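In what follows, every chain begins at residue 1, and chains take the letters A, B, ... in the order their sequences are listed. Since the structure is predicted, the reported quantities are computational estimates derived from the model, not experimental observations.
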Protein chains: 2
Amino acid sequence: MTDKEPLAFTRHNHSHCVSDALQAAVAICTERGARLTAIRQQVLELIWQSHKPLGAYALLDQLAEKSTKPVAPPTVYRALDFLLEQKLIHRIAAINAFIGCPHPDHNHASHFFLCDDCGRAEEIHSKSVSNSIKKAATEAGFAVQSQSLEVFGLCPDCRTQDGHDS
Amino acid sequence: MTDKEPLAFTRHNHSHCVSDALQAAVAICTERGARLTAIRQQVLELIWQSHKPLGAYALLDQLAEKSTKPVAPPTVYRALDFLLEQKLIHRIAAINAFIGCPHPDHNHASHFFLCDDCGRAEEIHSKSVSNSIKKAATEAGFAVQSQSLEVFGLCPDCRTQDGHDS
DNA sequence: ACAAAGATAGTTATATTATAACATATTCGT
DNA sequence: ACGAATATGTTATAATATAACTATCTTTGT
């Protein structure tokens, strides 16, 4: 897998996002001896259907549609817990929603731009942001374990036009 | 009110935090023609009882103890909504909890260190952090409306000893 | 191949967080 | 004092998440 520019806010062939994410997930789980079961993979695919974070119950509804059996909340939450543990997805706490991680292979913080209009999320990869947080923590004597940065506002598209899909 | 160093993780006379916060709240609400009613002030005081973010239902329970009448959730959430609107408190989304703002007089983002051990929260005031986020947004063409940074880990005290109160 | 152990998924119930909708009371401007 | 606006009380319910127990599947050692 080559390096990728963030493209949630850019026109792109989304099927590549999905296939890359699934391929990466399979590779990572195989390497770690973690089991990417059918349900877990289904949830991951549903999350990757767009760059818009999805809530647990939205995922549940979509799972239920595709299934003959009824689907209960624990099914979804367990799959989400697994995907979070494996860092295949991120949780956006401010909106109780989940989004696919475009580069689960290397460890990183959860930093996002979130468009209030179209709902899309784009991961931020800024050495400058990461380093300044690290520096502030060091100065405060604070030992960082995890972090999330959620920046809300308008994406480039929505600043100038009306909202849209995908 | 003079400039204050962040001190949630530092030994300090906490009564000053409370009185400063209340004084500032009164001043701000007066200036804005906003009504800091009895309930709103009570909730603000409860939030300021420590530097640990408190959940809505924890606040509700404490309100109920002090009151003869039963207290229902909307009472608390309305007070919280008011205090959030006036920027007298911040919401920590990752833990569904609320914490007092030590300098509600000037507008600012919600950036916090949160100790996993003792539960205390300290606001981050780092030009470097703010500027790097602003810069990343500009580069991405993203128009920032609001933001929250929640950094979890161990505070200076808890890195070296066991957790404690206040 | 088989049984035991461990991990995953099904199922039911419930906890936790938050809001809707409508009635009542209080405050503010005139 | 009066009406309008704001705030609070009250009841019900929505939305998010987990506990606890059962059943099934997968792996592993023999």
On DNA chain C, more 5' by nearest nucleotide between B:Arg35 and B:Ala56 is B:Ala56
Checklist entry - Are any non-hydrogen side-chain atoms of B:Arg78 and B:Arg40 less than 4.5 angstrom apart? => result no
Here the distance between atom C1' of C:dT19 and atom CG of B:Asp81, to the nearest Å, is 10 Å
Considering only heavy side-chain atoms of B:Phe98, the closest of D:dA17, D:dG9, C:dA18 is C:dA18
Winner on side-chain proximity to A:Arg91, out of D:dA17, C:dT11, D:dT11, is D:dA17
Test side chain to side chain donor-acceptor pair (under 3.5 Å), reference A:His111, set A:Glu123, A:Gln147, A:Glu122, output is A:Gln147
Worksheet item: Do the non-hydrogen side-chain atoms of B:Phe112 and B:Ile92 ever get within less than 4.5 Å of each other?
Response: yes
message = Between B:Thr37 and C:dT26, is there a contact of a side-chain N or O with OP1 or OP2 at under 4.0 Å?
response = no
Nearest-nucleotide check on DNA chain D, B:Pro73 vs B:Arg40; residue mapping nearer the 5' end is B:Arg40
Looking only at C:dA20, C:dG10, C:dT8, the nucleotide nearest the A:Thr75 side chain is C:dG10
ask   = Does a side-chain heavy-atom distance below 4.5 Å link A:Leu59 with A:Leu80?
value = yes
From CG of A:Leu63 across to P of C:dA9 the rounded distance in Å is 11 Å
When rounded to whole Å, the CD1 to P distance for the pair B:Ile92 and C:dT17 reads 15 Å
The side chain to side chain contact (heavy atoms under 4.5 Å, CB included) partners of B:Glu85 (sequence neighbours excluded) come to none
Picking from D:dA17, C:dC28, C:dG10, the nucleotide nearest the side-chain atoms of A:Arg78 would be C:dG10
In whole angstroms, the gap separating P of D:dT16 from CG of A:Leu54 amounts to 11 Å
In whole angstroms, the gap separating P of C:dA18 from CG of B:Leu84 amounts to 11 Å
Query raised in the report: Are B:Tyr77 and C:dA18 close enough that a side-chain N or O sits under 4.0 Å from OP1 or OP2?
Result: yes
For B:Gln23, does the CD atom have more than 12 heavy-atom neighbours from other residues, nucleotides or ligands under 6.0 Å away?
-> no
A:Gln42 CD to C:dA9 P, in whole Å, measures 10 Å
Would you say a side-chain N or O of A:Asn96 is under 4.0 Å from OP1 or OP2 of D:dA15?
no
Rounding to the nearest 10°, end axes of the helix from C:dA1-D:dT30 to C:dT30-D:dA1 built from five pairs each make an angle of 40°
Can you tell me if B:Tyr57 is stacked onto the base of C:dT17, using a 5.5 Å centroid cut-off and an angle below 30°? yes
- request: Kindly assign one of parallel, tilted or perpendicular to the pair A:His90 and A:His108, based on the angle between their ring planes and the thresholds 30° and 60°.
  value: perpendicular
